Amino acid sequence: MSRLEAKKPPLFISEPLTRDAVSQSLSLLSGILKSSYGPAGRLKQLHNGVGGCVCTTSQSSALLGHLSLSQPVLRVLTASVRNHVSRFSDCGLFTAILCCGFIENFRSLNVAPFTVIKISKHLLSLCMDHLKSEACGCRVSVDFSSVETLVCLVRSILTSKPACMLNKTEVDHLTSLVLKAFIFTVPCHVETNAVLGKCVVIPVKGRRVVDSTVLPGLLIEAPEIQLGKPLAVKRTGSNMIKIALFSVSMSGDGSNPEEGTIVVHHGVSLEVSELNQLLNVGRQLVKDEVGLVVCQKVMHPSLKQYLNEQGVVAVDRAGLSLMEPLGRVTGNRPPIASIHSLPPGCYGSLKDLCVESFASKRFLHLIPGDTVVCSLILCNRSETAWDELKRVCETAEHVLQLTVKEPLALLGGGCTETHLASYIRHKSSSLPASTFRDLGCSQTQYRLVAEGFCRSLESVARSLCHDGEEVLTDVAYGHCWFVPPGSPCVSRWSDLVSKCGCGVSGSTEDLSWSFLQGQFGSPVLQSCPQEPSVKVADLRVLDCFAAKCSGLQVALETANLILDLSYIIEDQN
């Protein structure tokens with residue numbers, strides 16, 4: 001068959017970063033991300049233009065997930081950042097803004113991309129070595145015997161997203177709930193390979209945030225349960241409740257292709273045979289003293305009625321998302337995948353089962369003997385604010401899990417970025433000549449790239465300002481300071497600033513400051529930035545150590561990949 005239209009040759013685009021369309025798109029994306037950054041970030045409303053859901057957010061996962069990008073360069077950048085967020089949940093905007101900054105600053109240099117990449121990798125190694133050293137002035141050890149640092153870490157995440165629309169009372173309430181939920185997921189009996197549990201978020205929209213609460217165990221919505229009627233549950237001789245968890249459909253419609261081919265003889269009703277088999281399963285469950293049956297899919301009404309008459313609580317349509325936490329609550333038993341055989345040891349157990357009512361919803365509360373699963377009943381006034389709050393709470397939980405593995409945090413509020421910039425400027429001014437020979441570059445080239453590296457870091461700190469604030473950095477610690485807009489001219493900056501961005505340094509100290517000059521950077525410090533004495537009570541903002549370190553690496557590696565692009569080849573068919 002001949003083609004109706006001749007096949008078009010592929011489109012070759014050489015040196016894509018020199019194209020105006022790419023530069024303008026990159027600048028536009030950078031502006032969108034910068035204006036969304038931090039507690040005062042501006043919200044973005046995203047919709048597809050043909051109806052459907054409207055998303056109001058300033059979170060990177062929602063922003064990048066809803067943006068439709070045509071430029072291949074931007075698709076590479078956003079895919080890299082989204083992959084980082086899928087692994088760490090945090091520091092997505094930091095990574096994206098920093099990556100855009102690296103690209104913009106490095107491509108303006110009169111240095112070959114290959115040389116820029118080699119030098120920037122060396123600068124990254126200096127940063128990572130510094131962040132992992134005990135002498136690092138922007139690193140904080142997290143003490144799990146005290147909740148103060150953990151509270152600061154969670155509060156920093158909750159207050160960073162203005163679309164949640166939280167006041168101070170609500171932030172404090174949710175901070176304690178998130179920490180309490182996290183503690184529930186930590187196993188009491190630690191083994192060699194301890195596995196953290198899971199927090200299941202239960203949505204309740206249209207209620208006050210302070211109505212949110214957390215309960216140990218698992219809540220399953222059960223609208224058929226009557227509140228006034230006592231819940232009589234069959235128990236075993238040891239006063240435990242046996243539970244059978246089914247992942248297979250129990251509707252009796254015969255639509256289970258995983259069961260294999262079914263041969264139906266003449267005169268035999270498939271529906272009656274299926275129902276008889278289901279009732280046989282029900283009789284076996286009653287004989288085995290099962291008190292609760294949960295089915296992921298639909299359960300036949302006759303089977304459900306029979307079980308209820310025998311004192312067995314039956315719940316169907318539990319859904320796939322609840323199967324994994326249900327397995328953990330009931331003793332890590334795999335769900336039963338067939339109605340034709342009930343293997344020995346297939347049942348789990350519960351300590352107790354009761355009915356909970358919240359708003360207009362009714363739930364079965366599954367209470368295990370030793371729980372690592374909890375239910376966070378999360379409330380907010382509107383659907384938009386609830387969606388944003390759910391993402392934030394899940395991020396906070398993930399950050400706490402990462403902090404257990406690596407009990408460190410980094411100073412927030414822009415202080416880590418300006419501190420690293422100060423450190424790199426000082427370090428690059430005192431490198432031996434052998435370093436330049438090993439890298440195959442001149443000292444001038446190295447300092448040009450280092451300055452672009454530092455300006456990129458400082459641009460992230462400046463992105464926290466959205467109302468015309470002046471940004472300062474002190475020459476002792478390299479921390480970030482914000483001067484309120486419209487402040488009068490004074491001879492002493494200490495009259496206008498009281499605390500640095502992270503809250504550790506105070507203006508009462510004998511400090512001197514300089515402007516964060518956007519294009520020309522800050523002056524080179526005569527000595528390495530000092531390590532301030534960190535008092536936990538002074539901390540205002542903390543960032544996740546693992547997420548930020550990964551973000552720094554991902555941002556530079558992605559920028560280097562994009563800088564190294566010589567051609568883009570697009571299929572036109």
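Model, not experiment: these values are computed from the prediction.
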If you compare all heavy atoms of Lys161 against all heavy atoms of Glu388, which two are closest, and at what distance to 0.1 Å?
CB-OE2, 4.0 Å

Could you walk me through whether Ser35 and Lys44 pass the side chain to side chain donor-acceptor pair (under 3.5 Å) check?
CA-CA 9 Å; Ser35 66; Lys44 305 296 178 290; 2.9 Å; yes

Where the side chain of His479 meets the backbone of Cys138, is there a donor-acceptor pair that is under 3.5 Å apart?
no

Heavy-atom side-chain proximity of Phe453 to Ile119 below 4.5 angstrom:
no

Testing the basics here: between Cys415 and Cys480, what is the closest heavy-atom pair and its distance to 0.1 Å?
SG-N, 3.5 Å

To the nearest 0.5 Å, what is the distance between CG on Asp90 and SG on Cys544?
6.0 Å

Find out whether Val85 and Thr95 are in side-chain contact, i.e. whether some heavy atom of one side chain is under 4.5 Å from a heavy atom of the other.
no

Looking at CG of Leu457 and CZ of Phe102, how far apart are the two atoms once the value is rounded to the nearest 0.5 Å?
5.5 Å

Other residues, nucleotides and ligands only: do more than 12 of their heavy atoms fall within 6.0 Å of NZ on Lys118?
yes

Which heavy-atom pair separates Glu397 from Thr185 by the least distance, and what is that distance?
OE2-CG2, 4.4 Å

Does Arg139 come within less than 4.0 Å of Glu134, counting only side-chain N to carboxylate O?
yes

Can you tell me how far the CG atom of Leu126 sits from the CG atom of Leu431, to the nearest 0.5 Å?
6.5 Å

Look only at the side chain of Ser156 and the backbone of Cys152, and say whether a donor-acceptor pair between them is shorter than 3.5 Å.
yes

Taking Thr175 for the side chain and Val154 for the main chain, is one N or O donor matched with an acceptor at less than 3.5 Å?
no

Would you say NZ of Lys351 has more than 12 non-hydrogen atoms from neighbouring residues, nucleotides or ligands within 6.0 angstrom?
no

Taking atom NZ of Lys205 as the centre, report whether more than 12 heavy atoms of other residues, nucleotides or ligands fall under 6.0 Å from it.
yes

For Phe182 against Gln401, the heavy-atom pair lying closest together
CE1-N, 3.9 Å

Spacing of SG belonging to Cys549 relative to CG belonging to Leu131, to within rounding of 0.5 Å
5.0 Å

Do Leu378 and Leu174 touch side chain to side chain, with heavy atoms closer than 4.5 Å?
yes

Got a donor-acceptor contact below 3.5 angstrom from the Lys361 side chain to the Pro203 backbone?
yes

For Phe144, does the CZ atom have more than 12 heavy-atom neighbours from other residues, nucleotides or ligands under 6.0 Å away?
yes

SB check Asp172 Lys168 (cutoff 4.0 Å):
yes

Criterion side chain to side chain contact (heavy atoms under 4.5 Å, CB included) on Leu400 and Leu179, from CA distance to verdict
CA-CA 8 Å; Leu400 290 171; Leu179 280 173; 4.0 Å; yes

Please check this pair: side chain of Arg155 against backbone of Val171, looking for a donor-acceptor N/O pair closer than 3.5 Å.
no

Trp386 side chain reached by Val201 side chain, heavy atoms, under 4.5 Å:
yes

Full working for side chain to side chain contact (heavy atoms under 4.5 Å, CB included) between Val204 and Asp211
CA-CA 9 Å; Val204 178; Asp211 291 334; over 6 Å; no

If you define the side chain from C-beta out and look only at heavy atoms, does anything of Ser133 sit under 4.5 Å from His130?
yes

Can you check side chain to side chain contact (heavy atoms under 4.5 Å, CB included) on Glu557 and Lys121, steps first, answer last?
CA-CA 8 Å; Glu557 289 166 2; Lys121 285 182 177 178; over 6 Å; no

Smallest separation among heavy atoms of Leu411 and Asp543, with atom names:
O-OD2, 3.9 Å

Between Ser375 (side chain only) and Leu219 (backbone N and O only), is there a donor and an acceptor less than 3.5 Å apart?
yes

More than 12 heavy atoms of other residues, nucleotides or ligands under 6.0 Å from CZ of Arg42: is that the case?
yes

Answer yes or no: is there an ion pair linking Glu383 with Lys390, defined by an N-O contact shorter than 4.0 Å?
no

Polar side-chain atom of Arg540 near backbone of Cys500 as donor-acceptor pair, under 3.5 Å
yes

Please check this pair: side chain of Ser550 against backbone of Ala547, looking for a donor-acceptor N/O pair closer than 3.5 Å.
no

State, with a plain yes or no, whether a side-chain heavy atom of Pro335 is found less than 4.5 Å away from one of Gln296.
no

Can you check whether Gly101's main-chain N or O pairs, donor with acceptor, with Ser456's side chain at less than 3.5 Å?
yes

May I ask you to test the Ile336-Leu245 pair for a side-chain heavy-atom distance under 4.5 Å?
no

Looking at SG of Cys127 and OH of Tyr423, how far apart are the two atoms once the value is rounded to the nearest 0.5 Å?
8.0 Å

Mind listing the closest non-hydrogen atom pair of Leu33 and Ala96 along with its distance?
CD1-CB, 3.5 Å

Residue pair Leu123, Tyr446: steps toward the side chain to side chain contact (heavy atoms under 4.5 Å, CB included) verdict
CA-CA 9 Å; Leu123 292 167; Tyr446 189 95; 3.4 Å; yes

Side-chain contact test, heavy atoms from C-beta onward, threshold under 4.5 Å: evaluate it for Val209 versus Arg381 and give yes or no.
yes

Separation between CG (Leu218) and CD1 (Ile367), nearest 0.5 Å, reads 11.0 Å

Is it the case that the side chain of Ser120 and the backbone of Ile117 share a donor-acceptor pair, with hydrogens and angles ignored and the cut-off at 3.5 Å?
yes

